[in-house]
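The structure under discussion appears below in the form of structure tokens.
All heavy atoms count here, side chains included; hydrogens, waters and symmetry mates do not. Remember, it's 1-based here, ligands and their atoms both numbered in the order they're listed. Residue numbers run from 1 in the order of the sequence given.
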Amino acid sequence: MGSHDFKREYIEHVARFKAHYPLAEAMSYAVGGDFKRVGGIERSLLFQEGLRDGHYLIDVGCGSGRLAYALKDHFHGKYLGIDVVPDFVDYARSIAGSETFRFEIAEGLSIPESGESADYVCFFSVFTHLRHEESYVYFREAKRVLRPGGRIVFSFLDITEESHWQIFEGNVADIGKDVHLNQFLSEDMISVWIQKLELRLLKMEKASHPFIAVQTPFTDDNGNLVTGNVSLGQSVCIVEK
Ligand SMILES: C[S@@+](CC[C@H](N)C(=O)[O-])C[C@H]1O[C@@H](n2cnc3c(N)ncnc32)[C@H](O)[C@@H]1O
């Protein structure tokens, strides 16, 4: 299957940022930047799609804690963030860790939790860095750890989305270079996974559609108020067990 190694690729990606920026900036840039804005939008999306106090949320590929940081004063439930990059896990724990918000280093394709224990499993911009087969394995894991009626929320680079085409062109320019994968997905691929795993599709939203209502307005990284209806920048899919 070639030399793709998500762990090494992402650890090297983070090391490059750490070498050039102060820690907080490096930890934001290495997950794509806009730390407060994206975290706040991810939080709004989860609340809109039914996450409630008392629930158990597992955040796979939690990165440096963008979502956890946005949730910590708003979500009174259990949270587990896992990631393959130890620097991310340490940092996320330092800014959002608590008795109910745990962070663990992950092996990469399994979720360290027992079956039927979680209400929500989210993957924000994680399938973006995995081969389709690897994402499918994670999807299966998410199904295992979810309670019946629990939900998977994930974002993805969408081959049919015009605003993502420049990323595809970037991949073309990067052919032959040792950079981390920017993997594209499409609705038909996801539909097959859902069917094979006997899950139920609840929602599929294009990146260009501002379908996320910001219930609690918040300030972004530039001091601007984020309010109204927004989009995450990637397409979003919501699936029920
Ligand atoms: C673009 S970042 C997004 C981070 C976070 N979800 C967010 O929205 O801020 C992608 C994340 O996926 C993580 N990742 C990549 N491969 C992974 C894997 N196999 N298992 C868990 N995390 C992985 C990376 O380390 C990185 O933290």
Can you measure from CG (Asn224) to NZ (Lys36) and round to the nearest 0.5 angstrom?
11.5 Å

Can an N or O of Asp83 be found at a distance shorter than 3.5 Å from an N or O of ligand 1?
yes

With atoms numbered from 1 as shown, which atoms in ligand 1 lie under 4.0 angstrom from a non-hydrogen atom of Cys62?
5 (C)

For Tyr10 and ligand 1, does the shortest N/O to N/O distance drop below 3.5 Å?
no

Looking at ligand 1, would Gly32 count as a contact under a 4.0 Å heavy-atom criterion?
no

Classify the contact between Ser64 and ligand 1 as side chain, backbone, both or neither, using a heavy-atom distance cut-off of under 4.0 Å.
neither

Compute both the distance and the angle, then confirm whether Arg16 meets the cation-pi test with Tyr21: under 6.0 Å from the six-membered ring centre, within 45 degrees of the axis.
no

Closest to atom 18 (C) of ligand 1 among protein heavy atoms sits Gly108 O, 3.4 Å

Heavy atom of Leu130 under 4.0 Å from ligand 1?
yes

Who's the nearest protein heavy-atom neighbour of atom 10 (C) of ligand 1, and how far?
Ser125 O, 3.2 Å

Applying a strict 4.0 Å limit to heavy atoms, is Tyr138 in contact with ligand 1?
yes

Any ion pair linking Lys241 and Glu198 (charged N to carboxylate O, less than 4.0 Å)?
no

Verify whether the ring centers belonging to Phe156 and Phe184 lie closer than 6.0 Å.
no

Do any N/O atoms on Val85 end up under 3.5 angstrom from N/O atoms on ligand 1?
no

Distance from atom 14 (N) of ligand 1 to nearest protein heavy atom, with residue and atom:
Val84 CG2, 3.9 Å

Where does the angle between the aromatic ring planes of Phe139 and Phe154 fall among parallel (under 30°), tilted (30 to 60°) and perpendicular (over 60°)?
perpendicular

Nearest option to atom 4 (C) of ligand 1, as decided by whichever heavy atom of Gly61, Ala92, Gly33 sits closest
Gly61

Taking distance alone, with no angle check, do Arg66 and ligand 1 share an N/O pair under 3.5 Å?
yes

Atom 8 (O) of ligand 1 [closest protein heavy-atom partner, distance rounded to 0.1 Å]
Glu42 OE2, 2.7 Å

So do the side chains of Thr100 and Phe75 get within less than 4.5 Å of each other, counting heavy atoms only?
no

Before signing off on this row, confirm whether Val126 and ligand 1 have an N or O atom pair separated by under 3.5 Å.
no

Aromatic centroids of Phe6 and His180 separated by under 6.0 Å
no

Hey, does Ile212 have a side-chain heavy atom less than 4.5 Å from the side chain of Ser231?
no

The atoms of ligand 1 lying under 4.0 Å from a heavy atom of Phe88, numbered in the order shown, are 25 (O), 26 (C), 27 (O)

Flag side-chain contact, heavy atom, 4.5 Å: Val145 against Val121
yes

Taking only Lys NZ, Arg NE, NH1 and NH2, and the carboxylate oxygens of Asp or Glu, determine whether Glu49 and Lys203 approach each other closer than 4.0 Å.
yes

Salt-bridge contact Arg102-Asp59 (side-chain N to carboxylate O under 4.0 Å):
no

So which heavy atom in the protein is nearest atom 3 (C) of ligand 1, and how far is it from that ligand atom?
Phe124 O, 3.5 Å

